[in-house]
Amino acid sequence: MHRLALSALAVLALATSALAQSATWNIDPAHSTIGFGVRHMMVSTVRGKFTKFTGTITGDPAKPTEAVIDVTIDASSIDTENEKRDDHLRGADFFDVAKFPTITFKSKQIAPGPDGTFLVTGDLTMHGTTKELVLTVSEFAAPIQDPMGNLRGGGHVTGKLDRQAYGIDFSKTMDAGGLLVGNEVTISVDVEATKAK
């Protein structure tokens, strides 16, 4: 009986330890950036970002492949530092934010990638369409304690997508050939997250 009690206590201690390691990390929008780039007239790249978003990363930093990522972006917060262009992007030709106010990403799998990176496969829902997207996480920063006693970690995320696959198919061909707005969108995200207390 004594041995059984000790075994039960050992199992309970291990379970408690495992639960203590898994936590929710809130993405800090003040220290994170969700950015993108699109070719314009085949001669330059227009870059922008979304300024309003929320997100969580649930898991143990020591076991990154077991983490779960959930991000929601306010599509109307798009900012390319040009008010007229941003209004056009919010309209029916592009994001149509009146009908589709949010963009979401929910991870399904995280696997080790080359050179210490991680490949995050998840569902990106944009403009009413959901497609699988693979993102690369590099420059992964292990958690450290900030001056207020909070634990913070972060990383750099990149990826590419075809905007037409999501029904954002506004396109004009220039007289000399080529598209006014490119179809490929490059994604560049810097994430800093704080462990929830």
Side-chain angles (χ1 to χ4, degrees), residues 20-38 45-91 94-98 100-108 110 113 116-127 130 133-161 163 166 168 185-197:
Q21 292 173 353
S22 182
T24 297
W25 298 72
N26 296 313
I27 294 175
D28 179 359
H31 298 98
S32 303
T33 302
I34 298 179
F36 61 88
V38 182
T45 298
V46 172
R47 304 190 187 280
K49 61 184 178 180
F50 293 95
T51 60
K52 295 180 181 179
F53 50 88
T54 59
T56 57
I57 304 167
T58 305
D60 178 357
K63 301 175 182 178
T65 59
E66 298 177 12
V68 177
I69 302 168
D70 191 340
V71 178
T72 299
I73 301 169
D74 180 350
S76 68
S77 72
I78 192 167
D79 180 8
T80 64
E81 298 185 352
N82 183 292
E83 186 175 352
K84 184 177 180 180
R85 178 170 58 216
D86 292 344
D87 286 341
H88 189 197
L89 291 170
R90 294 184 187 105
F94 289 94
F95 288 97
D96 200 357
V97 300
F100 310 107
T102 60
I103 300 168
T104 62
F105 179 80
K106 299 179 185 298
S107 70
K108 300 191 295 186
I110 301 177
T117 63
F118 292 93
L119 302 178
V120 181
T121 301
D123 288 330
L124 177 70
T125 300
M126 179 170 65
H127 199 252
T130 300
L133 179 68
V134 179
L135 300 172
T136 300
V137 180
S138 60
E139 302 175 25
F140 181 77
I144 62 171
Q145 191 172 54
D146 68 17
M148 285 82 71
N150 301 306
L151 282 177
R152 292 178 176 269
H156 181 61
V157 183
T158 57
K160 294 181 180 179
L161 62 84
R163 65 182 176 88
Y166 293 86
I168 303 177
V185 180
T186 59
I187 301 166
S188 180
V189 178
D190 288 291
V191 175
E192 185 172 310
T194 305
K195 184 178 181 181
K197 293 183 179 179

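Just the heavy atoms: all of them, side chains too, but no hydrogens, waters or symmetry mates, feed the values below.
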Less than 6.0 Å separating the ring centroids of Phe94 and His88?
-> yes
Close side-chain approach of Thr51 and Lys49, heavy atoms under 4.5 Å = yes
Hits for side-chain hydrogen bond (donor to acceptor under 3.5 Å, both in side chains) against Thr125, two or more places apart or cross-chain, chain-then-number order -> Thr130
Has Lys160 got more than 12 heavy atoms of other residues, nucleotides or ligands less than 6.0 Å from its NZ?
-> no
From Asn150 CG over to Ile144 CD1, what is the distance, rounded to the nearest 0.5 angstrom?
-> 11.5 Å
Run the side-chain contact (heavy atoms from CB on, under 4.5 Å) check on Val134 and Val120 step by step: do they pass?
-> CA-CA 5 Å; Val134 179; Val120 181; over 6 Å; no
Does Pro61 reach the side chain of Lys195, with side-chain heavy atoms less than 4.5 Å apart?
-> no
Glu81 vs Asp86, side-chain contact (heavy atoms from CB on, under 4.5 Å): CA-CA, chis, key distance, verdict = CA-CA 8 Å; Glu81 298 185 352; Asp86 292 344; over 6 Å; no
Would you call the rings of Phe50 and Phe36 parallel, tilted or perpendicular, where under 30° means parallel and over 60° means perpendicular?
-> tilted
If you take all heavy atoms of His156 and Thr158, which pair is closest and at what distance?
-> NE2-CG2, 3.4 Å
Are Leu89 and Thr80 side-chain neighbours, meaning at least one heavy-atom pair lies under 4.5 Å?
-> yes
Taking all non-hydrogen atoms of both residues, which atom of Ser77 and which atom of Lys52 are closest, and how far apart?
-> OG-N, 3.1 Å
Just do the side-chain contact (heavy atoms from CB on, under 4.5 Å) check on Ile168 and Phe95 with the steps written out, would you?
-> CA-CA 7 Å; Ile168 303 177; Phe95 288 97; 4.0 Å; yes
Listed by chain and number, what are the salt bridge (charged side-chain N to carboxylate O under 4.0 Å, His left out) partners of Asp74, not counting sequence neighbours?
-> none
Is the shortest heavy-atom distance from the side chain of Val68 to the side chain of Ile57 under 4.5 Å?
-> no
Distance (rounded to the nearest 0.5 Å) between Phe105 CZ and Leu135 CG = 4.5 Å
Check: Ile27 and Thr56 side chains under 4.5 Å, non-hydrogen atoms | no
About how many Å separate CD of Glu192 and CG of Asp28, when rounded to the nearest 0.5 Å?
-> 5.5 Å
Scanning both residues in full, the closest heavy-atom pair of Tyr166 with Leu133 reads OH-CB, 4.4 Å
Report the distance from atom NZ of Lys197 to atom CG of Leu151, rounding to the nearest 0.5 Å.
-> 9.0 Å
Can you find a heavy atom in the side chain of Thr117 that is under 4.5 Å from one in the side chain of Val137?
-> no
Thr194/His31 under side-chain contact (heavy atoms from CB on, under 4.5 Å): CA gap, chis, key distance, verdict = CA-CA 10 Å; Thr194 305; His31 298 98; over 6 Å; no
Which atoms form the tightest heavy-atom contact between Phe118 and Pro64, and what is the distance?
-> CZ-CG, 3.4 Å
Nearest-0.5 Å distance that lies between atom CD1 in Ile34 and atom CD1 in Ile103 = 8.5 Å
Listed partners of Asp190 passing salt bridge (charged side-chain N to carboxylate O under 4.0 Å, His left out), at least two apart | none
Pairwise side-chain contact, Arg90 with Ile78, heavy-atom cut-off 4.5 Å (strictly under) = yes
4.5 Å side-chain heavy-atom contact, Arg152 and Gln145 | no
